[in-house]
Amino acid sequence: MRELIEMPNANKMQMYLAVFKVNLKESLAYEVDIIFPIILVMLSVLVQIFVWSLVYSFSSSSSLNGVTLTALIAYFLILAPLQIIFSHWDIVNRMSSGIREGGIAKLLIRPISYITQTFLEVMPRHAIFFIFAFLPVTILVLMLGHFIVPIQTVFLFSIQLIAGYLTINLIAFLIGCLSVYWTNIYGISGGVDWIFYLLGGALIPISFLPQQIAGFLMLTPFPMVYYLPVATLLGIIPFNNAVQTTLLEILWIAVLIVMAKKVWSRSVKVMNLVGV
Amino acid sequence: MLGSIKKNFNIILSSQRYNWLSFLIYREQSAVWLLVFSFSSLAGFINISVIYNISNGIPGWNYYQLLALSGLSNLMINIVWYFISPGRVVWHMRNGNFDQILTKPCNPLVLTLSRYGEQSAIGGVAGAIILIAYSLSHVQLSILPFIEALLLFSIGAITFVFFVLFIAVLSYVLFKAGQYLNWFISIANHASQYPLPVYGVLGTVLLTIVIPVGFASFYSAQAIFSTINPPSAFLIFILSILLSYLLYKTSFWLLNFYSSGGG
């Protein structure tokens, strides 16, 4: 056991890859589970497009709060697949059932950290949506909308995507840890979903909110997940402001990592491993 | 007939009592769920407030009228969730748990509606009622159009409940799966938070007859604000009754395809 724990980095990488591959195969097994979420999320965007098109046509100006209709449609279209990828439910579901039913015990004795393992288990599903939904939709929207995106913006956008992914999953991990104390954490998880939807820019771009509220929200981790990357890519946020907010986001991630480690080490001590 | 109604009503009452007791066992979690369900009305309020804050809004509808429409739509969907979660119905059919519904000496659809709902949707009902009350307190109301709207809403909500029941059973018969049904219904509800003409003629027809989400929301709101004439409202009312009956009967017939024991 001790030998396994102290295995060389190369072997560890092989092990991580093995976990990733197994879960990738599992995620690809049911095509319906890939196609249906994409169709449904796009249907949801269609409603937004119809409503906002009418709002813009009835408005005296071609742009609302500096956002044109084309940019807004592009915003909602790019955001749609991102909502599937940046979902915290996968981690919450795994942790909750593992802790509640006691299945977590077998994961804890493995020579791989539980946190890494959990992330590696959910990542393949997200990677599939990234490749088959997010990339094609984003490229198509940028091309059809004639958006010219400078290379430094693409680079910043990539960092923001990784940061956003880490943010939502670290929050998911913290919610998952609550399973040790609560039998059912789906209510809290649903609440967090709504908070990100309302305050994270999934319902409406943050720039549409009153200035004071928008300014305050930009200091919180909520807009980092949806609004910041998409608004940066489409030029809704000036580049310099986007850089500053990204730095703040990295600070938030550091705080969340420290919190996750502390909460996890406490949770492990409380956990009885036979189920709640 | 009366005896059967009384019997079914008693079944619903006893099921509700049991559902509420099991829901309230974990008080903190119940409170969180009730709060979470009320967020849909909050989302409607924020969205519409932003639309009217930065633009001229939606033609033909003022801010409070649109808030009322959003409230009616949220009220309808939460009533639906209270009685039926289609994903749960399909799951219980799939694993054979539905057998116990069929073995009981009463209407299986009534039992389904009293067993497979979400108690926490009451939080959403409360949120929607607050939103409706707030919006209606800012507009002038007459008693007759209000009663007309109440009737349209009631029959519209029943129609949509039967529609959800119908697609749950249909989804089981066709695909033996229904994990995306709740999501689909939520999208239909999201669409009904805005006036149906926003989606064009095709969209209006689709959201009235194919997915009957407009009866309880759009047409009821039109009745409240007297933007629909009485003959049209009557026609909508009759259409809604006919559709409810058709959906109920078809759902009943589809139950014949249920394969007992799961699978």
Side-chain angles (χ1 to χ4, degrees), chain A residues 30 32-33 35-61 63-67 69 72 84 178 181-199 202-211 213-214, chain B residues 23 25-26 28-61 66 118 120 123 175 177-200 202-203 207 211:
Chain A
Y30 302 100
V32 170
D33 284 339
I35 297 163
F36 263 76
I38 297 171
I39 293 173
L40 289 173
V41 90
M42 285 301 171
L43 265 179
S44 186
V45 171
L46 206 62
V47 173
Q48 302 271 48
I49 291 174
F50 271 113
V51 172
W52 283 101
S53 297
L54 192 71
V55 169
Y56 269 80
S57 70
F58 192 50
S59 173
S60 47
S61 168
S63 79
L64 298 173
N65 279 23
V67 182
L69 179 62
L72 189 69
I84 311 172
L178 288 176
Y181 309 98
W182 277 27
T183 327
N184 185 331
I185 55 162
Y186 297 116
I188 295 178
S189 193
V192 170
D193 222 15
W194 271 108
I195 289 170
F196 272 95
Y197 181 69
L198 295 175
L199 310 177
L203 179 69
I204 31 160
I206 301 289
S207 56
F208 279 9
L209 295 172
Q211 226 169 8
I213 298 174
Chain B
F23 176 67
I25 285 174
Y26 302 105
E28 297 95 340
Q29 289 158 35
S30 320
V32 171
W33 271 117
L34 289 171
L35 192 70
V36 166
F37 267 80
S38 68
F39 282 174
S40 57
S41 292
L42 183 67
F45 175 76
I46 294 175
N47 201 20
I48 291 163
S49 300
V50 167
I51 288 176
Y52 279 84
N53 192 30
I54 62 169
S55 72
N56 297 329
I58 288 175
W61 291 74
L66 206 61
E118 304 274 359
S120 36
F175 313 112
Q179 66 263 46
Y180 295 110
L181 284 179
N182 288 35
W183 195 353
F184 174 72
I185 299 296
S186 295
I187 295 170
N189 168 59
H190 180 47
S192 75
Q193 291 186 15
Y194 304 98
L196 296 190
V198 163
Y199 312 105
L202 196 69
L207 294 169
I211 307 166

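The chains referred to below are lettered A, B, ... by the order of the sequence lines, with proteins before strands, and numbering in each begins at 1. Any value given below was found using the heavy atoms of this structure, including those in side chains, with hydrogens, waters and symmetry copies removed.
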Query - Side chain proximity check, Val51(A) to Ile51(B), heavy atoms < 4.5 angstrom - result: yes

Report task. Over all heavy atoms of both residues, which pair between Ala43(B) and Tyr197(A) is shortest? Give the atoms and the distance, please. Result -> CB-CE2, 4.5 Å

Query raised in the report: Does the side-chain contact (heavy atoms from CB on, under 4.5 Å) test come out yes or no for Val47(A) and Tyr199(B), once each step is laid out?
Result: CA-CA 8 Å; Val47(A) 173; Tyr199(B) 312 105; 3.5 Å; yes

Query - Euclidean distance, Leu43(A) CG relative to Phe184(B) CZ, rounded to 0.5 Å - result: 7.5 Å

Requested in this report: Heavy atoms only, distances under 4.5 angstrom: which of Ile54(B), Val32(B), Leu35(B), Leu42(B) has the most pairs with chain A? Name it, please.
Outcome: Ile54(B)

**Report entry** chain B contact via Asp33(A) - side chain, backbone, both or neither, heavy atoms under 4.5 Å
**Finding:** both

Query - Gln193(B) versus chain A, the contacting section by heavy-atom distance below 4.5 Å - result: neither

Report task. Can you see which heavy atom on Asn53(B) is nearest to which on Pro210(A), and at what distance? Result -> ND2-CG, 4.3 Å

Query raised in the report: Once you round to the nearest 0.5 Å, how far does CD1 of Ile46(B) lie from CG of Leu209(A)?
Result: 7.5 Å

Requested in this report: Taking atom OH of Tyr26(B) as the centre, report whether more than 12 heavy atoms of other residues, nucleotides or ligands fall under 6.0 Å from it.
Outcome: no

Report summary line: Taken to the nearest 0.5 Å, the spacing of Leu181(B) CG from Phe36(A) CZ works out to 8.5 Å

Report task. Could you look at Ile188(A) and say if it's the side chain, the backbone, both or neither that has a heavy atom under 4.5 Å from chain B? Result -> both

**Report entry** Steps toward side-chain contact (heavy atoms from CB on, under 4.5 Å) verdict (Trp183(B), Val41(A))
**Finding:** CA-CA 9 Å; Trp183(B) 195 353; Val41(A) 90; 4.2 Å; yes

**Report entry** Side chain / backbone / both / neither for Tyr56(A) at chain B, heavy atoms under 4.5 Å
**Finding:** neither

Report summary line: dist Tyr194(B):OH -> Leu54(A):CG (nearest 0.5 Å) comes out at 11.5 Å

Query raised in the report: For the atom pair CH2 (Trp52(A)) and OG (Ser55(B)), what is the distance rounded to the nearest 0.5 Å?
Result: 6.0 Å

Report task. Could you grab the distance from atom CG of Leu40(A) to atom OH of Tyr180(B), nearest 0.5 Å is fine? Result -> 8.0 Å

Report task. Measure distances from Asn184(A) to the heavy atoms of chain B and classify the residue's part below 4.5 Å as side chain, backbone, both or neither. Result -> both

Query raised in the report: Given that the side chain runs from C-beta out, which part of Val198(B) has a heavy atom under 4.5 Å from chain A: side chain, backbone, both or neither?
Result: both

Report summary line: Okay, Ser120(B) and chain A: the region with an atom under 4.5 Å from a heavy atom over there is neither

